[in-house]
Number of protein chains: 4
Amino acid sequence: MKAARLHQYGKPLQVDEIDMPKAKGEGVLVRVGGSGVCHSDLHFMKGEWQKILDVKLPLTVGHETAGYVEEMGELVQGFSKGDPVAIFGGWGCGICSNCKDGQEQLCNFPRWPGLSRCDGGYAEYILVPSYRFLVKAEGLDPKDIAPLTDAGLTPYRAVKKVRNLLNPNSFVLVIGVGGLGSYAIQYFKLLSPASVITIVRNKKKANLAKNMGADHIINSSEEDVTKRINEITNSNGVDVALDIVCANDTLSTCISSMKKRGTLILVGLMGRTLEMPIMQSVINEYNVLGSLWGNYNELREVITWAKLGKVKSSNEFFSLKDVGRVIEKLESGNIVGRAVLTP
Amino acid sequence: MKAARLHQYGKPLQVDEIDMPKAKGEGVLVRVGGSGVCHSDLHFMKGEWQKILDVKLPLTVGHETAGYVEEMGELVQGFSKGDPVAIFGGWGCGICSNCKDGQEQLCNFPRWPGLSRCDGGYAEYILVPSYRFLVKAEGLDPKDIAPLTDAGLTPYRAVKKVRNLLNPNSFVLVIGVGGLGSYAIQYFKLLSPASVITIVRNKKKANLAKNMGADHIINSSEEDVTKRINEITNSNGVDVALDIVCANDTLSTCISSMKKRGTLILVGLMGRTLEMPIMQSVINEYNVLGSLWGNYNELREVITWAKLGKVKSSNEFFSLKDVGRVIEKLESGNIVGRAVLTP
Amino acid sequence: MKAARLHQYGKPLQVDEIDMPKAKGEGVLVRVGGSGVCHSDLHFMKGEWQKILDVKLPLTVGHETAGYVEEMGELVQGFSKGDPVAIFGGWGCGICSNCKDGQEQLCNFPRWPGLSRCDGGYAEYILVPSYRFLVKAEGLDPKDIAPLTDAGLTPYRAVKKVRNLLNPNSFVLVIGVGGLGSYAIQYFKLLSPASVITIVRNKKKANLAKNMGADHIINSSEEDVTKRINEITNSNGVDVALDIVCANDTLSTCISSMKKRGTLILVGLMGRTLEMPIMQSVINEYNVLGSLWGNYNELREVITWAKLGKVKSSNEFFSLKDVGRVIEKLESGNIVGRAVLTP
Amino acid sequence: MKAARLHQYGKPLQVDEIDMPKAKGEGVLVRVGGSGVCHSDLHFMKGEWQKILDVKLPLTVGHETAGYVEEMGELVQGFSKGDPVAIFGGWGCGICSNCKDGQEQLCNFPRWPGLSRCDGGYAEYILVPSYRFLVKAEGLDPKDIAPLTDAGLTPYRAVKKVRNLLNPNSFVLVIGVGGLGSYAIQYFKLLSPASVITIVRNKKKANLAKNMGADHIINSSEEDVTKRINEITNSNGVDVALDIVCANDTLSTCISSMKKRGTLILVGLMGRTLEMPIMQSVINEYNVLGSLWGNYNELREVITWAKLGKVKSSNEFFSLKDVGRVIEKLESGNIVGRAVLTP
């Protein structure tokens with residue numbers, strides 16, 4: 001089978017012909033329908049995460065995958081050949097305290113496909129170690145929903161962390177209207193009565209934000225961001241700021257926009273260091289919450305959203321063999337929404 | 001009556017003879033039993049908080065006060081002359097959303113005695129705007145419990161924010177064993193089954209920490225802090241880090257000691273900026289919580305702890321007229337525990 | 001001024017001519033715009049609540065009132081004559097632990113207008129003991145929003161207690177589509193992604209439920225309720241059941257409809273006793289939550305919903321002098337939605 | 001091997017000689033150290049739970065078991081032959097929403113050893129379907145800790161549900177001082193600052209309660225329970241009532257003892273129906289929480305308590321062959337604390 005693999009950090013992927021893996025025990029071989037191309041893949045391929053995750057090269061990249069059940073180990077229950085499935089990527093050990101708490105993506109011994117020891121979804125087939133990492137997706141096309149397993153899941157978890165804080169007079173700030181942000185806006189509208197403010201850098205992003213339901217769109221290349229946020233919130237500031245970029249300037253905007261008892265959620269990985277003024281953080285009881293990916297139940301809910309037709313995606317499809325070109329496009333900022341590789 | 005007042009930022013306090021205030025409406029005039037001297041007073045007197053709080057000089061300093069009911073306005077209910085009372089200092093407007101949520105210390109329009117427009121407790125008498133800011137303290141001596149209204153209250157709120165996260169296999173790190181920290185250690189032991197680790201700089205502090213119930217005391221002038229925390233926590237890290245100092249080095253120690261899903265609570269005001277590595281914060285879902293003072297019910301509980309005889313204090317008493325000397329001692333680090341002024 | 005007063009339990013109200021009360025201290029005299037007629041008033045007038053609340057007859061009935069600021073005591077801040085205001089009715093003592101927790105409607109020493117020692121809103125004017133019980137309602141007509149202070153507030157609190165439990169694959173059951181239920185349906189749709197099921201007894205109620213946004217409407221006079229709930233929920237049962245009636249049969253329907261870990265919220269006061277099977281409650285970890293009225297901040301949010309035009313009401317207006325006739329209509333089940341008395 | 005099995009509901013157990021099961025895949029064969037005899041076993045053996053759980057007779061009874069790893073399937077990780085282990089009994093499917101939420105004991109498709117399709121621990125060996133249901137117990141003797149897997153776990157979960165509600169001025173009522181209740185008292189003291197009140201029927205139970213740390217012990221055969229609770233709580237009532245019996249009279253005592261916003265936790269299974277007065281439940285916002293067994297992490301914490309030597313047990317040991325006599329003793333109320341069968 002074909003698989004786009006990383007042989008060396010900093011080098012392009014190679015599309016190799018490799019042996020098909022074999023499903024055993026609880027394992028399931030999934031025929032890939034689509035696999036999303038994520039900024040995290042770029043970080044990974046550059047070797048930035050070497051110290052954090054346990055990796056062995058060569059490795060097939062891709063952690064955002066959906067497909068069809070192809071072959072099942074002898075202990076698999078409840079699935080049939082051909083079932084469309086979304087693959088939950090936070091493969092945990094199943095027994096550490098985080099796994100046992102239902103937060104497998106926070107496992108103390110993670111095996112993330114395409115990012116650690118396990119081959120990912122930039123391939124014709126992917127071996128999933130247990131049917132307990134599959135979410136059924138009857139009626140949906142795997143290539144359409146592949147991005148839901150990360151781009152669509154990560155902001156869902158973030159929004160769920162704060163939905164209970166949001167009331168009809170609340171404001172939310174979302175920074176980063178792209179793969180993840182377009183979902184974040186939708187989830188805030190679906191799960192809360194807050195007004196959603198977004199900051200974008202150009203008209204194209206403004207249109208995307210509008211299409212996803214943002215209530216207030218600030219174009220930072222044309223408007224004074226601080227002034228506009230003050231106008232919109234009547235100088236009260238926002239209840240929640242969700243930073244999907246986490247660069248120095250976006251974080252700084254988030255912090256200076258927050259009202260008393262405001263919450264900042266970190267999802268992005270662009271910058272190196274969050275800088276928070278201490279006095280302001282204590283006096284206002286600011287909260288900062290890191291948020292990582294999502295858990296299995298959250299993915300199940302995201303797939304339900306898709307089945308209900310309530311979440312829009314903005315995907316662009318490419319052939320697996322063009323993976324090199326796609327990665328270049330993503331790096332140069334020329335992917336709108338999400339790029340999905342199909343075998 | 002005598003009152004130690006600030007006439008100009010950066011200058012010493014003057015002990016003035018001023019008119020006694022008059023209790024009207026819901027107001028209560030309290031004869032001061034004792035008023036604690038807090039690091040915040042030093043910050044305030046230097047003018048560091050000018051922009052944050054609405055102040056009018058001259059002002060009587062002191063926000064940590066207890067005493068006896070002396071005179072009551074015509075709308076006061078439930079109190080009698082001579083009642084010993086602790087004064088809740090987070091005087092809120094009573095109608096903003098934070099006040100109505102029971103968090104008056106986070107009022108959008110705060111009037112903090114000794115720190116804003118209202119005279120504080122470095123005096124013979126203090127005028128409290130409503131009996132709803134008084135907590136009855138039958139059986140306790142006001143001068144002993146004055147520090148409970150801030151030094152004893154602030155860590156209580158912080159500990160309550162996280163107690164539900166702590167289990168018998170949890171570890172907590174407390175940095176800053178002084179006025180507040182000595183209470184923090186006690187509250188963690190009273191409200192949670194976690195093991196408490198503290199870091200101190202000398203033997204005197206080590207003894208205080210031990211006396212308050214700390215399970216593990218690391219003397220940073222003699223031991224390798226990181227190594228010791230790894231040994232104690234079996235390389236897992238701490239569940240909660242409470243920084244009562246919030247200097248650059250203490251924050252850095254807190255962050256590097258935290259386990260996955262760990263929580264850092266900011267209480268101290270020494271440093272200017274918290275610096276958090278973003279990747280680590282996201283991957284580990286770190287939480288950072290600012291924590292400010294406490295609310296009225298929390299003070300009520302703290303006074304109950306005192307009535308039950310379960311909280312130890314380490315107070316040193318001085319005459320109001322010696323306020324200048326006391327402030328010098330505090331600034332030069334020569335106050336162990338808490339200094340309390342008595343009129 | 002005119003006021004409809006109860007002189008004796010079990011007797012009709014009398015429209016008396018009484019002296020205007022006088023606003024002092026924090027008190028505000030409000031010119032009544034409208035006062036809703038609630039089932040609780042009927043219970044109260046029959047003397048059913050004599051033991052629960054501290055009452056002194058004669059008393060002006062009415063706890064669901066909005067109007068215009070007429071006169072202010074000397075300590076009132078932030079209001080002006082003529083301001084339209086909704087009156088928060090849970091007048092608490094302001095110092096007990098529930099009041100200090102922001103739950104004044106649960107005060108240990110409640111003074112509820114029209115239900116205890118204080119005169120209510122079936123009158124031309126009502127004296128509110130503090131401006132801190134008023135919510136500004138600029139742009140809204142008091143007679144339209146009077147019902148929001150109870151009929152519109154009570155289900156809001158109930159829904160907020162469980163919103164965080166509800167996901168896109170959740171189901172909610174609302175029983176009692178009338179004054180309160182019509183709001184409950186709307187709040188579930190506004191604050192959660194759950195599908196809302198309601199049970200009604202006739203077409204008129206079915207239409208009301210549909211108009212308010214219910215997803216599934218079961219007409220119990222024509223359909224097998226259990227069978228239909230099984231069909232709708234795919235035999236899983238509902239996550240939350242909100243009983244606004246609390247009669248024996250409605251409670252029984254709620255309990256038998258609940259899924260594992262389901263929550264039953266009690267709001268209605270029709271029946272005497274909830275009967276829950278113990279084995280089922282333990283094995284399934286059922287939760288039962290009593291929910292009383294709402295707090296001040298919740299009323300503020302409800303008024304915001306109204307300002308945003310997102311909540312529909314179904315009010316019928318009557319003159320104060322016709323109060324006797326209105327009460328008869330309500331008792332005989334001939335009020336659709338909410339009856340509002342206007343002076 | 002020997003196993004005490006139920007062949008027919010309502011008949012005594014038979015000690016049979018049966019084939020040893022074989023560990024495969026993730027399965028682990030555990031040599032039983034001890035297996036606790038629980039009231040639930042009596043209910044089960046009488047056939048009371050036939051409709052609730054999926055059972056196939058004959059079945060080896062016993063769901064409260066600890067022992068030593070004897071044999072491991074080829075997929076087992078992290079365990080070695082001879083390891084002492086506590087067996088978590090809430091064997092879930094691992095993929096339903098409750099399992100994925102970390103609440104395997106609430107699985108939608110439960111397999112509970114000794115209570116459903118799977119053989120339990122009244123035997124020389126027990127086959128556990130996955131090493132993910134084992135908790136390591138180094139340094140502890142399995143026969144001593146067997147009761148911790150249910151009698152010691154169930155009240156732990158119950159106490160954790162409410163610990164955050166309890167403050168130094170809180171009171172807790174525990175009814176049922178036996179196998180579970182003796183742990184409940186200890187957990188409330190370990191995890192909260194509340195004062196614990198218990199009601200007992202005789203001196204022997206009073207001594208047990210005292211030994212476990214109860215603050216106030218009411219002997220219902222000698223004292224007026226209501227009067228005493230009023231005295232102890234200063235007529236305020238208790239914050240939390242934990243009913244480990246759940247008979248009509250105990251539930252009634254719990255409800256009438258609760259203060260405003262009080263919480264009743266149902267753990268016992270003696271009675272059939274909980275009867276709650278509706279008006280009182282709504283006006284006071286009472287909460288009722290069913291609580292079932294515990295989850296894996298909670299068992300891990302309970303074992304930690306045991307390792308720390310902070311939890312006392314009161315066990316009585318019997319030989320497996322005497323199972324019939326033990327069951328008779330339990331039924332006739334002649335077991336103090338917990339009976340444990342050892343092979």
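A note on names: the letters A, B, ... follow the listed sequences, proteins ahead of strands, and every chain is numbered from 1. In this text, all values refer to a predicted model and were calculated from it rather than measured experimentally.
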Could you tell me which portion of [X] (side chain, backbone, both or neither) has an atom closer than 4.5 angstrom to a non-hydrogen atom of chain C?
{"X": "B/Q77", "result": "neither"}
{"X": "B/E26", "result": "side chain"}
{"X": "B/C93", "result": "backbone"}
{"X": "B/R300", "result": "side chain"}

Can you tell which of B/G102, B/S97, B/C99 has the highest number of heavy-atom pairs within less than 4.5 Å of chain C?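 Max contact count across the listed options: B/S97.
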Where does the angle between the aromatic ring planes of B/Y187 and B/W305 fall among parallel (under 30°), tilted (30 to 60°) and perpendicular (over 60°)? tilted
More than 12 heavy atoms of other residues, nucleotides or ligands under 6.0 Å from CZ of B/F109: yes or no?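 Count not over threshold, so no.
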Counting only heavy atoms not in B/K312, do more than 12 sit closer than 6.0 Å to its NZ atom? yes
If we only count heavy atoms from C-beta on, is the C/L29 to C/M20 side-chain gap below 4.5 Å?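 Yes, at least one pair of side-chain atoms sits under 4.5 Å.
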Compare all side-chain heavy atoms of C/F133 with those of C/E104 and state whether any distance is below 4.5 angstrom.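 Yes; the side chains approach each other to less than 4.5 Å.
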